[in-house]
Amino acid sequence: MKSKNINVGAAILFIIFGLLFFLLAGRFLYIQITGKVDGEVLAAKAKEKIMKHQVIEAKRGSILDRNGSVIAEDTSTYKLVAILSKKMTIDPKEPNHVVDPEETASKLAKYIDLDESAILKILSNKKAFQVEFGIAGRDISPSVKKKIEALKLPGITFERETKRFYPNGIFASHVVGYAEKQLNEEENESQTTGKLGLEKMLNSKLQGKNGYLNFESDRWGFLLPDKEKKITPAVDGQNVELTLDKKIQTFLEDSLTKVQKEYNPKKLYAIVSNPKTGEIYAMSQRPTFNPSTKEGLDKTWQNLSIEENIEPGSTMKVYTLAAAVEEGVFSPNATFVSKPYNMPGGHPKDHSGIPIGTTLTYLQAVQRSSNVGFVKIALEQLGTERFREYLTKFGFDKKTGIDLPNEVDGEILFNKKIEQATTAFGQGSVITPIQQMQAFSAIANEGKMMKPYVIKKITDAEGSTVEETKPTVAGTPISAKTANTVLGYLETVVSDEKATGTAYALDGYKVAGKTGTAQIPGPDGRYLTGRNNYLFSFIGAVPAENPQLTMYIAMQQPELPADKTATDGMAAIFKPVMQNALHYLNIKPADQKSKKVDKIIDYTDQNVVEAQEDLKKKGYEVSVFGKGTKVAGQAPAEGATLIEGERIILKTDGDATMPDVTGWSLRDVMKVANLVGMDLNTTGSGYVIKQNIKPGQVIKKGDYCILHFSPPEETAANQDKPTTEDQVYD
């Protein structure tokens with residue numbers, strides 16, 4: 001019975017194993033015939049196992065300055081890797097894995113920023129095929145790589161990487177921006193991607209397109225000889241050449257850093273441009289950041305010159321003045337009394353430097369920055385409708401269209417009478433610094449307002465130009481005659497001893513400019529009070545006779561030392577930057593004398609000849625007009641500080657006669673006009689080459705004097721050219 005049961009069990013097992021054999025044999029036969037398993041082709045799966053896909057990384061395009069100096073570029077760095085698997089070693093005499101972790105850790109600690117114990121812990125991982133060393137093992141320079149390779153440590157190898165490199169550190173950081181490695185989830189690969197500024201805005205042009213290498217490999221991933229490989233080459237990114245000039249930008253960065261340390265303002269920013277073309281030579285700010293380390297990036301992401309609008313303060317008076325001159329309603333020698341200007345909604349008044357009741361000429365209103373004077377110019381002389389039209393002509397109603405991201409609009413408040421008045425001197429309405437630079441280019445460029453830009457051209461990897469920016473006239477708000485006349489007035493803002501801009505004077509160059517002090521709205525909507533709570537600014541053009549450079553500086557809420565003013569801080573930026581830039585660009589200085597501390601005495605009622613001889617002995621040029629023998633008036637007035645070689649004007653008693661003013665500057669001619677009370681009408685800029693009143697002709701108050709000016713380099717040639725009185729009027 002027992003034997004029978006055993007036979008039955010064996011038979012059952014035989015049947016079961018037989019069925020399994022036939023099932024397996026059938027399965028193998030099916031696979032062999034169809035080449036498929038679960039609907040997948042085995043040959044394809046095998047191919048997939050041995051085929052490797054390797055990315056050929058495209059080189060990101062470089063960003064360069066106008067002269068080809070590198071601002072941002074891709075550079076090669078290396079990642080340190082340690083192979084731990086013994087399977088990588090075929091010949092024990094030439095090991096390909098880490099054999100001695102202790103010795104390896106000891107030697108590596110001398111070259112990477114990681115303790116020996118930490119390195120040893122990483123190398124002691126028994127399960128890993130290979131290991132890396134975190135941040136300490138990345139961005140290895142070629143020189144350090146070479147030193148580590150010289151150690152000949154088994155299992156230590158490197159993987160090449162690319163990194164975005166910014167060789168200048170803090171350098172127009174909010175303009176250029178930064179880029180960093182980022183994982184592209186769709187492609188499952190990392191790529192350098194722009195995150196801010198031009199790096200972000202031009203990312204598609206700079207980035208290029210990665211290539212690929214597909215090949216058959218062994219179990220370790222190495223290329224098999226004589227096997228299939230397919231290469232899709234990478235397409236490198238395009239290069240971007242900016243209008244920025246490395247040297248001028250460096251001058252600016254150094255000055256901003258110095259002033260930031262001394263005055264610690266909440267915000268500080270500046271722009272240097274070419275008014276003839278609109279090219280931005282330099283642009284920076286504080287706070288800023290280092291694009292390589294990202295240090296400081298948390299303080300502000302905004303480019304303050306582009307992405308923030310401000311109440312400009314008295315620099316806005318430049319455009320009110322220009323509109324009045326263009327319309328023929330500005331009378332520099334006409335007078336007014338400084339007192340609060342009463343109107344619905346407010347009572348605009350002058351700053352403490354102009355006491356109530358002071359009588360000023362309108363030119364002095366420009367020089368001493370009188371709010372009351374400019375309210376009268378805008379509302380009484382220009383009229384609100386014409387004034388508003390000029391604000392549009394100067395581009396304050398729309399963005400400039402500069403080729404930088406995130407530009408914001410200004411906003412002109414002009415519905416109420418008080419808004420119209422305050423806009424005339426730069427309060428209430430808001431504009432951006434770049435809008436102001438565009439508008440100021442019309443003053444410095446004979447009425448042509450130039451659109452600002454920073455991208456000069458874009459080239460492909462072979463150097464062929466893909467895109468190029470040409471200078472663009474954004475409008476012509478004023479005539480060349482008006483522009484040159486306004487430059488002359490603005491030159492006195494810096495050169496006149498009682499004006500607000502004397503701190504911005506440059507050795508050897510005439511500066512035309514305007515200062516600004518704007519109140520800052522607080523959280524409750526009211527303006528802040530206190531010595532520090534202002535936005536201080538200056539805008540200037542050099543040389544005043546024929547501007548080649550313009551610069552805008554603004555400093556908000558500095559911590560002012562007791563013995564310093566905001567002007568001291570801003571002049572510490574304007575003067576070194578402009579002086580160095582002028583020399584670097586080989587812009588020749590005018591033949592001006594250095595300042596000498598000397599104050600003029602009162603020569604009134606003295607003999608003209610004796611007074612003239614006394615002044616000449618002191619080194620001053622003296623011009624006398626009039627038919628009398630005694631001094632009846634003088635310019636500059638008693639007590640004024642003189643510049644060595646300055647022209648002194650003496651008016652005699654008796655009939656006043658017109659001097660020959662050929663070769664004189666506007667400043668010197670205005671001394672004569674002020675002493676007599678003449679009305680001046682000027683054309684051109686530079687020095688006088690023609691006058692409508694002949695020398696020696698009797699002149700009196702109210703006479704109309706027409707003068708034509710020309711830059712120094714043109715004066716000699718123009719003096720020999722005949723001209724009609726009509727041409728002088730033009």
Using a 3.5 Å distance criterion without hydrogens, assess whether the side chain of Asp568 forms a donor-acceptor pair with backbone atoms of Thr565.
yes

Say whether, by atom type as modelled, one donor and one acceptor occur between the side chain of Thr472 and the main chain of Lys470 under 3.5 angstrom.
yes

Under the side-chain contact (heavy atoms from CB on, under 4.5 Å) test, residues paired with Thr392 that sit two or more places apart
Arg388, Asp397

Rounding to 0.5 Å, atoms NZ (Lys299) and CD (Gln285) come to a distance of 12.0 Å

For Asn67 and Lys247, run side-chain hydrogen bond (donor to acceptor under 3.5 Å, both in side chains): C-alpha distance rounded to whole Å, both residues' side-chain angles, the deciding distance at 0.1 Å, then the answer.
CA-CA 10 Å; Asn67 299 310; Lys247 288 192 175 181; over 6 Å; no

Do you know which two heavy atoms are closest between Trp301 and Tyr178, and how far apart they sit?
CH2-OH, 3.7 Å

Arg164 and side chain to side chain donor-acceptor pair (under 3.5 Å): which partner among Thr192, Thr193, Thr75, Asp74?
Asp74

From CD (Glu307) to CG (Asn309), nearest 0.5 Å:
11.5 Å

Side-chain donor/acceptor of Glu419 to backbone N/O of Asn415, under 3.5 Å
yes

Can you measure from CE (Met450) to CE (Met437) and round to the nearest 0.5 angstrom?
13.0 Å

Nearest heavy atoms of Met551 and Ala270, plus distance in Å
CE-CB, 4.2 Å

Sub-3.5 Å donor-acceptor pair from the side chain of Thr432 to the main-chain atoms of Gln435, do we have one?
yes

Scan the side chains in residues 533-542 for donor-acceptor partners under 3.5 Å anywhere in the protein, sequence neighbours excluded, and list what turns up.
unit_1: Asn533; atom_1: OD1; unit_2: Gln557; atom_2: NE2; d: 3.0
unit_1: Asn533; atom_1: ND2; unit_2: Thr529; atom_2: O; d: 2.7

Are a donor atom and an acceptor atom from the side chains of Tyr166 and Glu199 found within less than 3.5 Å of each other?
yes

d(Ile354 CD1, Gln364 CD) to nearest 0.5 Å is 9.0 Å

Are Thr277 and Asn274 packed together at the side-chain level, in the sense that at least one heavy-atom pair is separated by less than 4.5 angstrom?
yes

Does a side-chain heavy-atom distance below 4.5 Å link Lys267 with Met555?
no

Polar contact flag, side-chain donor to acceptor under 3.5 angstrom, Gln238-Asp460:
no

Any sub-3.5 Å donor-acceptor pair from Thr492's side-chain atoms to Tyr489's backbone N or O?
yes

Going through the checks in order, is the ring pair (Phe, Tyr, Trp, His ring centres under 6.0 Å) test met by Phe425 and Phe374?
CA-CA 6 Å; Phe425 57 82; Phe374 274 85; 8.8 Å; no

Does Glu467 offer a backbone N or O that forms a donor-acceptor pair with the side chain of Thr465 under 3.5 Å?
no

Just by modelled atom types, is the Ala480 backbone N or O under 3.5 Å from a matching donor or acceptor in the Asn484 side chain?
yes

Does the Asn203 side chain pair with the main chain of Gly194, one donor and one acceptor, at a distance under 3.5 Å?
yes

Polar contact flag, side-chain donor to acceptor under 3.5 angstrom, Thr482-Glu326:
yes

Before giving the answer on side-chain hydrogen bond (donor to acceptor under 3.5 Å, both in side chains), spell out for Lys514 and Ser369 the whole-Å C-alpha distance, their side-chain angles and the decisive distance to 0.1 Å.
CA-CA 8 Å; Lys514 185 70 191 75; Ser369 203; 2.9 Å; yes

Could you pull out the closest heavy-atom pair between Lys393 and Met449, with the gap in Å?
O-CE, 3.4 Å

Let me confirm one number: the CG-CG distance from Asp496 to Leu363, rounded to the nearest 0.5 Å.
7.5 Å

For a 4.5 angstrom cut-off between non-hydrogen side-chain atoms, does Asn290 reach Thr293?
yes

Would you check if there is a donor-acceptor pair between the side chains of Asn546 and Lys276 at a distance under 3.5 Å?
yes

Closest heavy-atom pair and its distance - Leu582, Leu506:
CD1-CD1, 3.9 Å

Tyr527 side chain to Glu311 side chain, donor-acceptor N/O pair below 3.5 angstrom:
yes

To the nearest 0.5 Å, atom CG of Leu256 lies from atom CG of Leu252 at 4.0 Å

Tyr269 and Tyr552 aromatic ring geometry - parallel, tilted or perpendicular at 30°/60° bounds:
tilted

Any heavy-atom pair between the side chains of Ile306 and Met283 that's under 4.5 Å?
yes

Would you tell me whether Lys317 and Ser314 have side-chain atoms, one donor and one acceptor, within less than 3.5 Å of each other?
yes

The residue among Thr502, Thr500, Thr567, Thr315 that forms side chain to side chain donor-acceptor pair (under 3.5 Å) with Thr515 is Thr500

Heavy atoms of Gln427 and Thr517 approach each other most closely as OE1-O, 4.0 Å

Using atom types as modelled and distance alone, determine if a side-chain donor or acceptor of Lys456 lies under 3.5 Å from a backbone N or O of Glu468.
no

Quick one: closest heavy-atom pair of Pro312 and Ser429, and the distance?
CD-O, 3.6 Å

Does Glu73 have any side-chain contact (heavy atoms from CB on, under 4.5 Å) partners at least two apart in sequence or in another chain, and if so, which?
Ser62, Val70, Phe165

Can a donor-acceptor pair be found, under 3.5 Å and without considering hydrogens, that links the side chain of Ser255 to the backbone of Phe251?
yes

